[in-house]
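Notes follow once the structure below has been shown.
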Amino acid sequence: MYLSATAADLERSSLFLAEQRQHPCTDCGYSYLDSHLGPVGEHFRRLRVGGGTIIANTDEPLRELHIVPHGGTEVPHDLLASVDPADYQRLSQLVHENVDLGTAAIYRHLVDDIVAGRAKGVAVAGFHLTRLLLDANRHLVDEQLPPTPYVGSADLYREYLLSEGARLRVEALLPWLDAVDEVLRELGGAGTVYHHHTYDVYSMSPRPWDRGFTEKRPAFQLIWRRAPLDSVDVDPGEGELGLAQLGDIEGVQAAIRDFLEEEIGLGNGSGQIDYPLLLPVLPFRGTRIGDPADAPRHLVYDLRKDLLATEEHIRSWVVVAPWRFGDSSASAVTSSAESASSAKVG
């Protein structure tokens, strides 16, 4: 079994977690891989696979999956062993700056509801290793092993990634992606998949799919247009281009705008579709032109990081669920104010 930092080296991991817990954020300082949850419970099953987990409700057949690929804040134990503890604060800050801030907290809220039996037919898949080392939201191998971070410098871990990155991909990332693919196959064409992401107010480093890196980003964005697989050379019809029906995504667009303006108090809660970011090639069934027709529909969003700054806002985001397709309320998450696991435990 892949070992997280907390399981392998308690002294070093305690020092690193202590640094992470200094951050006034909702994500860092938790031990997601070494959760106290067992493999089965009254309402759930939990699979720890590679560097991630999948937790699914067992009360009803699965019809909904939530994917949280960029909420990872954990580091491998052998990386910690190669870094001077005097640099743990700097490494911790680098992990923090490269996480989709708020999405690990979304993962915890979803887990709470699944475990308590309040989210029937729902599963959540979280990848918990830091995005510095492995990008769980990419299909191409060279993008799964990013040579540089989105924010900051790789000097603390570059040698480790060069020597251990390929092994880490095989041991930590690929098994998790395979397990997620099994859930997607189980869902089939009748299922729905939600991808939870956040982005910075301004782009921190230009990328090929970022079309607005010089401008302040809108409050949120949704993705409609799928990316083609490299091996696909087709001229798809309009119905094959999108992750879901465009009208359904436009309905979510209006719901998120209203939520941000009415619940959060944002002056302008407007968001756009397929701007500023285009969709890169993802590793998930149904997100690419050329995928099987019986794949589930997908909803991919990015919410600005400054809008999920508190546990209260995150709880409201999960409970109200403005990102949910309008016809899928039967499997809505019903978190209570008391359900969130807010204590940072090691």
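Side-chain atoms are counted along with the backbone in the values below, which use heavy atoms only and exclude waters and symmetry mates. We count residues from 1, following the sequence as given.
- A salt bridge links Arg288 and Asp291; the closest N-O separation between the charged side-chain nitrogens and carboxylate oxygens is under 4.0 Å.
- Counting heavy atoms from C-beta outward, Phe44 and Asp59 have side chains that stay 4.5 Å or more apart.
- Atom CH2 of residue Trp224 and atom CD of residue Gln245 lie 9.0 Å apart, to the nearest 0.5 angstrom.
- In this structure, Arg108 is positioned above the aromatic face of Tyr30, its NZ or CZ under 6.0 Å from the six-membered ring centre and within 45° of the axis.
- The CD atom of Glu263 lies 13.5 Å from the CG atom of Leu307; values are rounded to the nearest 0.5 Å.
- The heavy-atom pair separating Leu156 from Arg90 by the smallest distance is CD2-NH2, 3.1 Å.
- A 4.5 Å side-chain heavy-atom check between Leu174 and Arg169 finds at least one atom pair inside the cut-off.
- Checked for salt-bridge contact, Arg48 and Asp34 meet the test: a charged N lies under 4.0 Å from a carboxylate O.
- The side-chain contact (heavy atoms from CB on, under 4.5 Å) with Phe127 is formed by just one residue from the set Val68, Ile67, Leu173; it is Leu173.
- Exactly one residue among Leu133, Leu134, Leu129, Asp135 makes a side-chain contact (heavy atoms from CB on, under 4.5 Å) with Arg131. That residue is Asp135.
- Using a distance-only test at 3.5 Å, with no hydrogens or angles considered, a donor-acceptor pair links the side chain of Glu74 to the main chain of Leu33.
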- Item | Leu243/Leu279 under side chain to side chain contact (heavy atoms under 4.5 Å, CB included): CA gap, chis, key distance, verdict | CA-CA 10 Å; Leu243 294 169; Leu279 193 68; 4.2 Å; yes
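- In this structure, Asp302 contributes its side chain and Phe220 its backbone to no donor-acceptor pair below 3.5 Å.
- Distance check: Leu110 CG to Ile55 CD1 gives 10.0 Å after rounding to the nearest 0.5 Å.
- Between Tyr157 and Val83 the shortest side-chain heavy-atom distance does not fall below 4.5 Å.
- In this structure, CG in Asp274 is found 7.0 Å from CD in Gln221, a value given to the nearest 0.5 Å.
- With contacts defined as side-chain heavy-atom distances shorter than 4.5 Å, the pair Val124/Ile114 qualifies.
- In this model, a donor atom of one side chain and an acceptor atom of the other lie less than 3.5 Å apart for Asp100 and His197.
- Between the side chains of His23 and Gln93, at least one donor N or O lies within less than 3.5 Å of an accepting N or O.
- Remark: aromatic rings of His196 and Tyr301 are close, center separation under 6.0 Å.
- Note on Ile249: it clusters hydrophobically with Leu241, by side-chain heavy-atom contacts below 4.5 Å among ILVMFWY residues.
- Rounding to the nearest 0.5 angstrom, the gap separating the CZ atom in Arg138 from the CG atom in Leu177 is 12.0 Å.
- Annotation for Pro283 and Asn137: closest pair CD-C, 3.5 Å, computed over non-hydrogen atoms.
- Looking only at side-chain heavy atoms (C-beta outward), Tyr32 and Thr53 stay at 4.5 Å or farther from each other.
- Remark: Glu60 CD is packed, more than 12 non-hydrogen atoms of other residues, nucleotides or ligands lying under 6.0 Å away.
- Seen from the ring of Tyr202, Arg217 does not count as a face-on cation partner, given the 6.0 Å and 45° thresholds.
- Residue Thr26 comes nearest to Ala309 through the heavy atom pair CG2-O, 4.4 Å, listed as atom of the first residue, atom of the second, then distance.
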- Message: Run the side chain to side chain contact (heavy atoms under 4.5 Å, CB included) test on Asp248 and Arg297 for me, step by step, so that the C-alpha distance in whole Å, both residues' side-chain angles and the decisive distance to 0.1 Å come before the verdict.
- Response: CA-CA 11 Å; Asp248 293 341; Arg297 64 178 176 172; 3.6 Å; yes
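- Side-chain contact check for His128 versus Thr73: every heavy-atom pair is 4.5 Å or farther apart.
- For the pair Leu299/His195, no side-chain contact is recorded, criterion being any heavy-atom separation below 4.5 Å from C-beta on.
- A salt bridge is defined here as a Lys NZ or Arg NE, NH1 or NH2 lying under 4.0 Å from an Asp or Glu carboxylate O, and Glu64 with Arg324 meets this definition.
- One finds a salt bridge joining Glu164 and Arg167 here, because a Lys/Arg side-chain nitrogen approaches an Asp/Glu carboxylate oxygen to under 4.0 Å.
- For Asp294 and Arg285, the salt-bridge test passes: some basic side-chain N is under 4.0 Å from an acidic carboxylate O.
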- Stepwise side chain to side chain contact (heavy atoms under 4.5 Å, CB included) check, Ile256 with Val252: CA-CA 6 Å; Ile256 294 179; Val252 174; 3.8 Å; yes
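- Minimum interatomic distance between Leu47 and Ala179 (heavy atoms only, all atoms of both residues): CD2-CB, 4.1 Å.
- Ring pair Tyr107/His66: centre-to-centre distance not below 6.0 Å.
- A salt bridge is defined here as a Lys NZ or Arg NE, NH1 or NH2 lying under 4.0 Å from an Asp or Glu carboxylate O, and Asp200 with Arg304 fails to meet this definition.
- Nearest heavy-atom pair, Thr192 versus Phe325, reported as atom, atom and distance to 0.1 Å: CG2-CD1, 3.7 Å.
- Inter-residue side-chain proximity for Val95 and Ser92 is flagged as unmet; no heavy-atom pair is nearer than 4.5 Å.
- There is no path of hydrophobic side-chain contacts, each under 4.5 Å, that joins Leu101 to Val300.
- The distance from the SG atom of Cys28 to the CD atom of Glu19 is 11.5 Å, given to the nearest 0.5 Å.
- The two residues Asn57 and Gly121 come nearest to each other via the heavy atoms OD1-N, 3.0 Å.
- Every pair passing ring-ring contact (aromatic ring centres under 6.0 Å, His included) that includes a residue from residues 245-267 is listed here, sequence neighbours excluded: Phe259-Trp317.
- Note: the hydrophobic cluster containing Val99 does not contain Leu308 (ILVMFWY, side chain heavy atoms under 4.5 Å, direct or indirect links).
- Tyr160 and Asp78 share a side-chain donor-acceptor pair at under 3.5 Å.
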